[in-house]
2 protein chains.
Amino acid sequence: MLSNNDVCILINDAIKRNETVVLACKCTVAYSGRAESYLEKGDRTIIIKGDHTLLVHQPFGNAAINYMKPDSSHQIFAEEKKILLKSSNTLQKEQMEIKIEKLYFFNSHKLEDGQTIVVTGTEEDMSRMLYENPHLIEEGFTPVSQEEQTKYGFIDVFGTDKNGNLIVVECKRYCAELSAVTQLRRYVEKIQESKGVKNVRGILAAPKITPNAEKMLTDWGYSFVAVQPPKYYEKFDKHQTNLSEFTAFGGSHGQIQ
Amino acid sequence: MLSNNDVCILINDAIKRNETVVLACKCTVAYSGRAESYLEKGDRTIIIKGDHTLLVHQPFGNAAINYMKPDSSHQIFAEEKKILLKSSNTLQKEQMEIKIEKLYFFNSHKLEDGQTIVVTGTEEDMSRMLYENPHLIEEGFTPVSQEEQTKYGFIDVFGTDKNGNLIVVECKRYCAELSAVTQLRRYVEKIQESKGVKNVRGILAAPKITPNAEKMLTDWGYSFVAVQPPKYYEKFDKHQTNLSEFTAFGGSHGQIQ
DNA sequence: GGGGAGAGATGCCGC
DNA sequence: GCGGCATTTCTCCCC
């Protein structure tokens with residue numbers, strides 16, 4: 001049976017070796033930095049990663065309830081009846097204090113991982129799909145650029161309609177909201193200004209749009225086009241040249257519709 | 001020494017009992033749902049929570065690299081040389097497959113936590129500070145409402161200046177960007193429309209503003225006020241009536257400046 | 001390093 | 001449930 005002191009020595013050593021440390025405990029969490037927070041006594045899982053990120057997870061929900069960014073300093077030490085975990089990030093002027101009343105388990109191991117995730121079905125994939133399949137916007141749409149940088153933001157797809165009018169397309173993967181309309185409006189106005197032309201059309205491409213957003217869109221003379229975001233597997237991508245075949249879930253799946 | 005089969009039985013049982021399960025392993029992760037993703041072989045920490053949330057963490061960085069939402073189904077079983085963890089969420093039409101090549105450690109425990117975090121220094125605190133200290137905006141500013149709901153969004157602080165002009169204040173905790181300006185503009189125009197008055201002033205209150213945002217702001221005749229977000233400790237808040245005294249980091253701290 | 005914007009965003013609150 | 005929006009947002013890309 002390990003004493004609190006033994007546990008603290010083991011954990012401190014694991015942190016020094018940049019291992020990933022996991023512990024489950026009953027604790028309170030106090031944080032001060034960009035904001036202030038306090039979390040009353042309850043059971044949580046704490047992870048300290050090799051890059052000295054610290055995460056506190058409640059036993060439910062997706063997101064960490066408290067955290068410290070990479071390159072924080074952590075020290076864990078035994079008090080009379082408790083274990084104290086103090087973290088600080090002097091650069092970010094943040095600190096955290098975790099008072100551990102009961103330790104349920106802990107473990108640590110050196111973890112190595114140099115991989116980058118490959119994701120498809122993003123907004124960028126969607127704008128590429130529209131660039132390569134302009135008829136999804138409308139007949140006669142001719143794309144000129146994709147993901148074009150401007151001073152006032154970057155435009156997903158930019159082109160002309162069959163009458164030669166400029167078109168700005170803003171994509172959203174989900175239901176488009178008010179902010180998507182103001183974003184589109186910002187681009188359209190910037191193009192009008194920089195190109196010195198009045199007749200610039202704005203098109204919002206998304207699977208859905210909220211009623212308010214649609215009203216604002218039509219009030220401003222823009223239009224909505226219903227488009228589903230693409231989902232498909234890519235065998236290779238620009239970040240990795242040797243991605244092994246991806247056969248999970250039983251092989252080939254849907255292509256761009 | 002436990003066999004892969006034994007391990008799988010233990011973990012499946014722990015999941016059934018709604019315990020929190022933590023394991024460290026070398027694995028690949030494939031996900032399909034709202035998007036598709038694949039993560040090549042590397043060392044990760046996997047957490048399955050009591051509400052059947054699943055998280056995959058690389059040994060660095062803040063955010064989970066893959067996850068399954070609460071109420072997913074998980075099954076872990078032994079193959080010849082590997083352990084397979086399959087998760088699915090039929091409601092969300094999502095699935096995940098984790099192929100575990102090497103298991104470094106695993107642990108599980110029943111964790112109970114009914115606490116809610118108390119955070120101060122949020123944007124809402126900032127707008128309350130301005131509502132209660134209107135001179136921080138300008139002399140003669142008289143707030144009328146805070147966090148007012150409108151069709152086109154909700155206005156942080158709303159009031160009048162010393163000449164009786166309406167003022168819309170939008171707060172940002174951080175450096176204000178272009179989107180903050182378009183947000184402000186949306187509210188101002190909506191107020192102009194609904195109240196039938198032209199002279200509505202827009203004020204952006206934030207600690208900083210980007211050059212582009214400032215240009216757009218002045219182009220539109222709005223103005224910027226530098227305000228720091230408040231940071232202070234509250235002994236009580238609306239969510240918890242019996243928050244124990246918060247004495248971490250050595251007692252009392254800064255008040256609203 | 002700053003600016004801008006997406007995210008498998010998540011989570012909260014209000015209607 | 002949807003809508004709107006903040007988040008200790010985080011993360012990435014590009015200038």
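First the proteins, then the strands, lettered A, B, ... as listed; each starts at 1.
In terms of position along DNA chain C, the nucleotide closest to B:Pro211 lies nearer the 5' end than the nucleotide closest to the other residue of the pair B:Arg34 and B:Pro211.
Residue contacts shown for B:Glu170 are limited to sugar-phosphate atoms, with no base heavy atom under 4.0 Å away. Within 4.0 Å of B:Ile65, counting heavy atoms only, lies no atom of the nucleic acid at all. Residue A:Glu177 is classed as a base contact, given a heavy-atom separation below 4.0 Å to a base. Nucleic acid contact for B:Ser179: none, since no nucleic acid atom lies under 4.0 Å from a heavy atom of the residue.
For the pair A:Tyr67 and D:dT8, the ring geometry qualifies as stacking, because the centroid separation is below 5.5 Å while the planes lie within an angle under 30°.
B:Asn62 has its CG atom 15 Å from the C1' atom of D:dC12, to the nearest Å. One interatomic measurement links the two molecules: CD1 of B:Ile117 to P of D:dT8, which rounds to 8 Å at whole-angstrom precision. Atom CD in A:Gln146 sits roughly 15 Å away from atom C1' in C:dA5 (whole-Å rounding). Distance, B:Asp125 CG to C:dC12 P: 16 Å, rounded to whole Å. Put simply, CG on B:Leu54 is 17 Å from C1' on C:dT10, counting in whole angstrom units. Atom CG of B:Asp156 is separated from atom P of D:dC5 by 10 Å (rounded to the nearest Å). A straight line from OH of A:Tyr38 to C1' of D:dT8 spans 18 Å, rounded to a whole angstrom. When rounded to the nearest whole Å, the span between CZ of A:Phe154 and P of C:dG2 equals 21 Å.
Phosphate contact (OP1/OP2 of C:dG8, side-chain N/O of B:Asn66, threshold under 4.0 Å): absent. A close approach under 4.0 Å does not occur between any side-chain nitrogen or oxygen of B:Arg173 and OP1 or OP2 of D:dC5. An OP1 or OP2 oxygen of D:dC5 is reached within less than 4.0 angstrom by a side-chain nitrogen or oxygen of B:Tyr187. Taking 4.0 angstrom as the limit, B:Lys172 places a side-chain polar atom (N or O) nearer than this to OP1 or OP2 of D:dA6. Taking 4.0 angstrom as the limit, A:Gln183 places a side-chain polar atom (N or O) nearer than this to OP1 or OP2 of C:dG6.
Of the candidates C:dG14, C:dG4, D:dG4, the closest approach to any side-chain atom of A:Thr210 belongs to D:dG4.
In terms of heavy atoms, B:Pro229 sits closest to B:Pro207 at CD-CG, 4.2 Å.
For the 3.5 Å distance criterion, the side chains of B:Thr53 and B:Asp51 qualify, holding a donor opposite an acceptor.
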B:His74/B:Ser87 under side chain to side chain donor-acceptor pair (under 3.5 Å): CA gap, chis, key distance, verdict: CA-CA 4 Å; B:His74 312 287; B:Ser87 301; 2.7 Å; yes

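C:dA7 and C:dG11 have their C1' atoms separated by 14 Å, given to the nearest Å. Atom name P, nucleotides D:dG4 and C:dG8: the rounded distance is 23 Å, in whole Å.
Residue side chain B:Glu94 reaches the base of C:dG8 through a donor-acceptor N/O pair under 3.5 Å, judged by distance alone.
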